[in-house]
Amino acid sequence: MMIAADSNSLNVVVVGSGLAGLSSACVLAARGHQVTLLDKNDWVGGKAAQHRADGYRFDMGPTILTVPSVLKRVFAEADRKLEDYLEILPLDPQWRCFFESDGKGGNVGENSVLDLVSSTPEMKARLREFTGDDVNAEGYEKFIGLSEHLHGVSDRFFFWRSIGGLADTMDVGGAFSLKVLKDVMSLRMGKSVASVVRSHVPDARVAQMMDHFTQYVGSSPYASPAVLCSIAHMQTEEGIWYPVGGTRAVPEALCKLAVELGVDVRTGVDVMRIQTSGSRVTGVITASGETLPCDAVVSNCDAVRTYRELLQDTPQSTRFEKSNRYSPACSGVVLYLGLNRRYEQLLHHNFVFSKDPETEFEYIYDRGEPAPDPTAYVCAPAISEPEVAPEGCEALYILVHTPYLRPHHDWKRMLPEYRELILDKMESCAGTKGIRDAIVHEASLTPEGIHNRYRVLNGAIYGLASHGKYVGAFKPGNRRKDVSGLYLAGGAAHPGPGMPMVMMSGWIAADSLDQDARGGKLTPLAS
């Protein structure tokens, strides 16, 4: 179905078909714009790709779907229902957490297991049993209350519109009031996620679990701003969901919608440059030398690489580089293990925690080296969809965060040793005895592979780090004020990484572009 164009219709090129690019393309097409979606890879969906081999199926990138209301909003733009395109299943418990005794008084005694559930009263009961007291249970409830407040403030001033810094949060309908100031001040500027968490729960294991709400943004809880504690309420309120067919089913559903709306989807087309005239976008140039004229561009590429490479040698690129306060988020090593058995102690989503999180994060974010005792995120999807593996088998996905790619990192040399360390951790903490003997298929992805495969900055899975207790939550704004007709979408643009956030980013970029077109700020070049 082609949406009829109106007098405000623009010819838009979306560069990159990640979840943000797909969302942007769908929203723009639903609002009557002519959209061409380009991707250098042979598939749409970016990191939400899939690996199949020997009867096993693995999601290669994101595996946790939260805040499905964002995805529903994209479909609602075209008066469609998400459930007509995608089946999603709720997961509760949401995570299983494995903690290993450190023998130093942090996690004393034997290994322990704690499940995170969505119900706060039920979670309080579990925490009473887990810790043997009421302190952590009551502290968790208070933390969720704080998280709900921060989520509300974020909804009012941070989400669903282009934000590039603190000043933008103050500009609500052109008005500023004491209420706005009170809300902004309640964001606990100057405090970190870790400090807020530990002010509520003294148990080191419970605090480590709660820290990992921020791992969706690939940043250290010791350096990330307290406003990111809002993620906890976002997850517990709307839940964690599994798309039947794997996370790959999400971009497939969005692409189906995009095609129905008339989007021209072209894979295998590598955009090398965004063409400009003065401070106005005029088109894109592909690796084959083809020039595609357009009125506007939505870049779903990394924000820094958009300016550094696609706008290379322009005054805007030079200014962006000089003012660039952003650093890459962490990267990671992913092991895709086809096992000839299942481990019944694993839920769909699991965290296998390090003994000392401060040391772990210091290695990754300060030293820039792989942690000697890392936390592993483990996805065992056969419990929800047995078809991911042969009968009785498992398609295990293990992600360990690592530093972003440094010049001296040679992952071809580093991976074999680190693989052994990860598998040792799985056996010692999660009890997956004999895991090496159970592997019948194995593949992997390293920071180097992520850098080359997805054109992200230095292999950073999550785009830009959310570090800085005052401004860490802010990413480059979606509407670019230095280049008319340029809009950014993705994990390296506002509001940041994570599946719902990048899809919201795509919606914001499209909405900003559409507002500019309808308000006369952005007009067709031919006019």
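Of the possible polar contacts, none joining the Arg308 side chain to the Phe320 backbone as a donor-acceptor pair under 3.5 Å is found. Side-chain atoms of Ser199 come within 3.5 Å of backbone atoms of Val196 as a donor-acceptor pair (strictly under, hydrogens ignored). Of the possible donor and acceptor atoms, none in the side chain of Ser484 sits under 3.5 Å from a partner among the backbone N and O of Ser279. Between the side chain of His149 and the backbone N or O of Gly145, no donor-acceptor pair lies under 3.5 Å. Put simply, the side chain of Asp211 never gets that close to the backbone of Val197: no donor and acceptor are under 3.5 Å apart. A donor-acceptor pair is defined here as one N or O able to donate and one able to accept, closer than 3.5 Å; such a pair exists between the side chain of Ser331 and the backbone of Gly459. Between the Lys40 side chain and the Arg453 main chain, a donor and an acceptor come within less than 3.5 Å of each other. Remark: side-chain polar atoms of His33 are paired, donor with acceptor, to backbone N or O of Leu10 under 3.5 angstrom. The backbone N or O of Ala48 sits nowhere less than 3.5 Å from a side-chain atom of Thr247 that would complete a donor-acceptor pair. Side-chain atoms of Asn458 never come within 3.5 Å of backbone atoms of Ala460 as a donor-acceptor pair (strictly under, hydrogens ignored).
Note: Asn478 CG to Ile508 CD1 = 5.0 Å, rounded to the nearest 0.5 Å. Between atom CG of residue Leu86 and atom CG of residue Leu65 there is a gap of 8.0 Å, rounded to the nearest 0.5 Å. Atom-to-atom distance recorded for Leu28:CG and Asn11:CG is 11.0 Å, nearest 0.5 angstrom. Rounding to the nearest 0.5 angstrom, the gap separating the CG atom in Asp511 from the CZ atom in Arg31 is 4.5 Å. Taking CG from Leu486 and CD1 from Ile274, the interatomic distance works out to 5.0 Å, rounded to the nearest 0.5 Å. Taken to the nearest 0.5 Å, the OG atom of Ser230 stands 12.0 Å off from the CD atom of Gln235.
Residues Asp482 and Tyr307 have side chains that bring a donor and an acceptor to within less than 3.5 angstrom of each other. A donor-acceptor contact closer than 3.5 angstrom is absent between the side chains of Ser277 and Thr282. A side-chain N or O of Thr375 and one of Glu360 form a donor-acceptor pair less than 3.5 Å apart. Looking at Thr314 and Ser317, their side chains never bring a donor and an acceptor atom within 3.5 Å of each other. Side chains of Thr236 and Glu148: no donor on one and acceptor on the other come within 3.5 Å.
Taking the six-membered ring wherever Trp is involved, the centroid distance between the rings of Tyr462 and His401 falls below 6.0 Å.
The nearest pair of heavy atoms linking Val502 to Pro497 is CG1-CA, 4.1 Å. What you find for Ile364 and Ala371 is that their closest heavy atoms are CG1-CB, 4.3 Å. Closest approach of Gln50 and Asp59 over heavy atoms only: NE2-OD1, 3.6 Å. Counting all heavy atoms, side chain and backbone alike, Ser505 lies closest to Gly490 at OG-N, 2.9 Å. The shortest non-hydrogen separation linking Pro500 to Val70 is O-CG1, 3.4 Å. Closest non-hydrogen pair, Tyr487 versus Ala509, comes out as CD2-O, 3.9 Å.
Side chains of Asp39 and Val265 form no contact here, defined as non-hydrogen atoms less than 4.5 Å apart. When side chains are defined from C-beta on, His151 counts as touching Glu237, because their heavy atoms get closer than 4.5 Å. Annotation: side chain of Pro251 is in contact with side chain of Leu19 (closest heavy-atom distance under 4.5 Å). In this structure, the side chains of Asp366 and Ser220 stay at 4.5 Å or more apart for every pair of heavy atoms. Ile88 has its side chain within reach of Pro243: a pair of non-hydrogen atoms, C-beta onward, lies under 4.5 Å apart. For the pair Glu290 and Val269, the minimum side-chain heavy-atom distance is 4.5 Å or more. Between Leu310 and Cys301, some side-chain heavy-atom pair lies under the 4.5 Å cut-off. You'll find the side chain of Leu254 reaches within 4.5 Å of the side chain of Met503, heavy atoms only.
The aromatic rings of Trp43 and Tyr454 stand perpendicular to each other, their planes meeting at an angle above 60°, with 30° marking the opposite boundary. Using cut-offs of 30° and 60° on the angle between ring planes, the pair Tyr397 and Tyr377 is perpendicular. Using bins of under 30°, 30° to 60° and over 60° for the plane-to-plane angle, the ring pair Tyr336/His51 lands in the tilted bin. Between Phe351 and Trp95, the ring-plane angle classifies as perpendicular under the 30° and 60° cut-offs.
Under a 4.0 Å N-O distance rule, the pair Arg479/Asp516 qualifies as a salt bridge.
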Verdict with supporting geometry, Glu238 and Ser69, side-chain hydrogen bond (donor to acceptor under 3.5 Å, both in side chains): CA-CA 8 Å; Glu238 290 200 38; Ser69 58; 2.7 Å; yes
Verdict with supporting geometry, Asp373 and Asp356, side-chain contact (heavy atoms from CB on, under 4.5 Å): CA-CA 8 Å; Asp373 178 33; Asp356 184 343; 5.7 Å; no
Step-by-step side-chain hydrogen bond (donor to acceptor under 3.5 Å, both in side chains) determination, Glu448 to Asn452: CA-CA 6 Å; Glu448 184 178 0; Asn452 295 330; 4.5 Å; no
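Cation-pi geometry between Arg406 and Tyr404 is met: the NZ or CZ atom falls under 6.0 Å from the ring centre, inside 45° of the normal.
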